[in-house]
Amino acid sequence: MRAIWPWSLAALFCAGIIHAAAVFGVPYVASRDGWSRLAELSESNQLYILPIAGAEMPLPFMAPDVAYAFCRFDLTAKNVLLQTELGDPSWSIAVSGRRGENFYFISGVEAKRRELRMLLVPRARLAEEASTERSEEGDEQIIVITPEMTGIAVIRATIRGPSFATDTINALQSARCETVIEPDPNVVASDSEPGPQPNAPAVVRGSRRPPPRNPNEIR
Amino acid sequence: MKHLFYFFGFAGLSLVLGLGSAYLLVDDGFALITSQTGPWKTWSHAGSLTADPYTRAHIARSGDLPITSASGLIFQATTDSEGRDLSSSCEYEIIIRPFSAVWWSIALYNADGRLIPNKAGRHAFNAQNLTVLPDGTQRISLAPRARPGHWLPSGKDHDLRLVLRIIRPLSVEQRRHGAGFQTLPDIQRIAC
C-alpha cells in the first residue's frame with residue numbers, strides 16, 4: 001500500500017503538465033477556429049458578406065439580426081485599406097489577430113461619420129511608413145496598427161428586423177477591402193486608360209465550400 | 001508485475017486527470033475567468049490581447065470571433081433566473097430593463113447553438129424592434145406556441161440557450177467610474 005503513494009504523486013504531477021500542455025496547445029492545433037472556418041470560404045484581402053444566420057452558420061452562434069462582412073487581411077506585401085459606409089450608429093468594425101485577439105473596435109457612434117476609411121499597417125513596417133491620417137485624395141482615414149501581418153476585420157451591420165435584412169446586405173455591398181496600390185511615378189496618368197476594377201465584396205451563399213477561383217463569383 | 005500495474009495506473013490517471021480537467025475548464029470556464037450575473041454567463045477576457053490561456057483555448061475551440069469586453073459583451077444563459085434548465089417544453093418571460101448601450105439583442109438557440117426553425121422566421125429581438133411598456137420594461141415571451149406581444153418560438157423537445165449581445169455596454173463616463181452591469185434581463189418561468 002505504501003508503494004502506491006509515490007506513483008499517485010507522480011501521476012498528479014504529470015497530470016498537471018498534461019493539463020497545461022493541452023490548454024496552451026489548443027489555440028495552435030485547433031482546426032476549427034474562426035480563422036480556419038473563414039479561410040475555407042475566402043481569399044485574403046477581399047471582402048465577403050456572410051449569409052444571414054439560418055439553419056447553417058459558418059461561425060458558431062452568429063447573431064440572426066446582424067449581417068456580417070469579413071476580410072482576412074494579409075499585410076505581408078502591402079498595407080490594406082478597408083472602406084465602408086456605416087449605415088447606422090450601431091454598426092461596428094472589429095479588427096482581430098489570427099487567433100481572435102481583438103485589438104481595434106469602432107462603432108458608428110464613435111466614428112461620427114457615415115463613410116469610414118481604415119488603413120491597416122503592420123507594426124513591423126510602421127517606421128518606414130509615410131501614411132498619414134489623410135489619404136492622397138484628401139479623405140480622412142484611420143490608421144490601425146496591427147501587431148501581426150495577418151488577421152480578420154469584421155463589419156457587423158445590425159438589422160432592425162427581418163424585413164430590413166436585404167437593405168442591410170445591399171448597404172454592405174459598397175464596402176471594400178483591398179491592398180493599397182501605390183502610384184508608379186514613371187507612369188503618366190491618362191484619362192483614356194481604364195482604371196482598376198473595383199474590388200466588390202463577394203456574397204457567400206453556402207458554408208464550407210472550397211475557395212473560389214474568382215472571389216467575385218461565389219454561388 | 002506489480003510495478004507494471006502501477007505504471008499503467010500512473011499513465012492512465014495522468015492522462016484522465018490532465019486531459020479531463022483541461023476539457024472541463026476550457027469548455028465551461030471557472031469563476032476566475034468567467035463572470036456570472038444571475039443566469040447570464042460571459043467569458044470576461046474573450047477577445048482581449050491579455051486573455052488567459054483558458055479563454056484563448058475556449059475561443060479557438062468554439063470558432064468564435066470575439067470582441068473585447070470594453071467594446072461588446074456576449075452573455076449566454078442556459079437556465080432561468082431560478083437556476084432551472086431552459087427547456088422548450090416550458091414557457092418563459094424575459095423581462096428587460098433599459099440598458100446603457102449602443103445596441104443589444106437577445107437571440108434564441110437550441111443547446112447545440114443552432115437557430116430553431118420556425119414559420120415566423122423569428123430568432124431574436126433587439127433594441128430597435130422591441131416596444132417599451134408603461135412600466136419601463138421590455139418583455140419577450142419564449143414559448144412553443146404563439147403568444148401576444150413579442151414572441152420567440154422555442155420549438156419542441158430540446159433544451160434552450162439564450163444569447164444576449166451588447167455593443168458598447170457602458171458609456172465612457174460609466175467605464176471611467178468602473179461601473180458594472182447590474183440590470184441584466186430576468187428569465188421567469190411561467191408554465192411547464
Side-chain angles (χ1 to χ4, degrees), chain A residues 3-4 7-8 10-30 32-34 36-38 53-55 57 59-61 63-66 70 88-90 92 94 96-97 99-103 105-110 147 152 154 156 158-162, chain B residues 2-3 6-7 9-23 25-26 46-49 51 53-54 56-68 70-72 74 76 102-103 105 107 109 113-115 117 120-129 161 163 165 167-168:
Chain A
I4 209 168
W7 287 99
S8 301
L12 280 177
F13 179 73
C14 283
I17 293 173
I18 292 169
H19 176 98
V23 171
F24 279 94
V26 164
Y28 299 94
V29 297
R32 300 292 297 149
D33 62 357
S36 307
R37 289 170 191 247
L38 295 181
M57 294 187 283
L59 293 173
F61 290 108
D65 47 2
V66 173
F70 74 91
D88 187 276
S90 59
S92 64
S96 305
R99 296 197 166 79
E101 314 90 342
N102 174 214
F103 51 82
F105 180 90
I106 189 167
S107 72
V109 172
E110 290 107 26
I152 310 172
V154 181
R156 290 174 170 86
T158 58
I159 303 170
R160 281 173 178 272
Chain B
K2 195 169 74 176
H3 285 294
Y6 282 151
F7 176 76
F10 151 81
L13 189 64
S14 302
L15 281 172
V16 169
L17 280 180
L19 293 179
S21 59
Y23 177 83
L25 295 182
V26 167
S48 163
L49 285 168
Y54 293 95
R56 285 174 189 270
H58 176 78
I59 296 304
R61 261 179 55 76
S62 70
D64 201 3
L65 290 175
I67 46 181
T68 60
S71 309
I74 297 180
Q76 294 200 11
V102 168
W103 182 84
S105 149
Y109 303 81
R114 293 184 180 281
L115 293 170
R122 198 174 295 155
H123 306 288
F125 283 105
N126 61 50
Q128 294 165 319
N129 57 23
R161 187 183 292 259
V163 177
R165 294 178 175 82
I167 297 290
R168 283 287 186 232

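So you know, we letter chains A, B, ... as the sequences are listed, proteins then strands, and number each from 1.
- Using a 4.5 Å heavy-atom cutoff, the side chains of B:Arg56 and A:Tyr28 are not in contact.
- Atom-to-atom distance recorded for B:Ser48:OG and A:Asn102:CG is 9.0 Å, nearest 0.5 angstrom.
- The contact between A:Pro27 and chain B is made by backbone and side chain atoms together, counting heavy-atom distances below 4.5 Å.
- In terms of non-hydrogen atom pairs under 4.5 Å with chain B, the most contact-rich of A:Ser36, A:Gly161, A:Gly108, A:Ala63 is A:Ala63.
- Heavy atoms of A:Val154 lying under 4.5 Å from chain B belong exclusively to its side chain.
- Among B:Gly121, B:Pro66, B:Ala46, B:Ala51, the residue with the largest count of heavy-atom pairs under 4.5 Å with chain A is B:Pro66.
- Neither the backbone nor the side chain of B:Tyr23 comes within contact range of chain A; no heavy atom of the residue lies under 4.5 Å from a heavy atom of that chain.
- In terms of non-hydrogen atom pairs under 4.5 Å with chain B, the most contact-rich of A:Phe24, A:Phe70, A:Phe105, A:Phe103 is A:Phe105.
- Here the side chains of A:Thr158 and B:Asn126 are not in contact, with every heavy-atom distance at 4.5 Å or above.
- Heavy-atom pairs under 4.5 Å with chain A peak, among B:Val102, B:Ile67, B:Asp64, at B:Ile67.
- Residues A:Leu38 and B:Leu65 are in side-chain contact: their nearest non-hydrogen atoms beyond the backbone lie under 4.5 Å apart.
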Result block: side-chain N/O donor-acceptor pairs under 3.5 angstrom for residues 11-21 of chain A, not counting sequence neighbours:
residue : atom : partner : partner atom : Å
A:His19 : ND1  : B:Ser21 : OG           : 2.7
A:His19 : ND1  : B:Ala22 : N            : 3.3
A:His19 : NE2  : B:Tyr54 : OH           : 2.7

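- Here the CZ-OG distance, from B:Phe10 to A:Ser8, works out to 10.5 Å after rounding to the nearest 0.5 Å.
- The shortest side-chain heavy-atom distance between B:Leu49 and A:Glu101 falls under the 4.5 Å cut-off.
- Using a 4.5 Å cut-off between heavy atoms, B:Leu25 touches chain A through its side chain atoms alone.
- Residues passing the salt bridge (Lys or Arg N to Asp or Glu O under 4.0 Å) test with A:Arg156, sequence neighbours excluded: none.
- The candidate from A:Ser90, A:Gly25, A:Gly97 with the greatest count of non-hydrogen atom pairs under 4.5 Å with chain B is A:Ser90.
- Most heavy-atom pairs under 4.5 Å with chain B: of the set A:Val26, A:Asp65, A:Val29, this distinction falls to A:Asp65.
- If you tally non-hydrogen atom pairs under 4.5 Å between each of B:Ile59, B:Thr68, B:Leu17, B:Leu13 and chain A, the highest count goes to B:Thr68.
- When heavy atoms are compared at a cutoff of 4.5 Å, B:Tyr109 approaches chain A solely by way of its side chain, counted from C-beta outward.
- The candidate from A:Gly100, A:Pro147, A:Ala22, A:Pro60 with the greatest count of non-hydrogen atom pairs under 4.5 Å with chain B is A:Pro60.
- Neither the backbone nor the side chain of B:Arg122 comes within less than 4.5 Å of any heavy atom in chain A.
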* Test side chain to side chain contact (heavy atoms under 4.5 Å, CB included) on B:Arg165 and A:Phe61 and set out the steps. => CA-CA 11 Å; B:Arg165 294 178 175 82; A:Phe61 290 108; 4.0 Å; yes
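- Between B:Gly63 and A:Arg37 the shortest heavy-atom distance is CA-NE, 3.7 Å.
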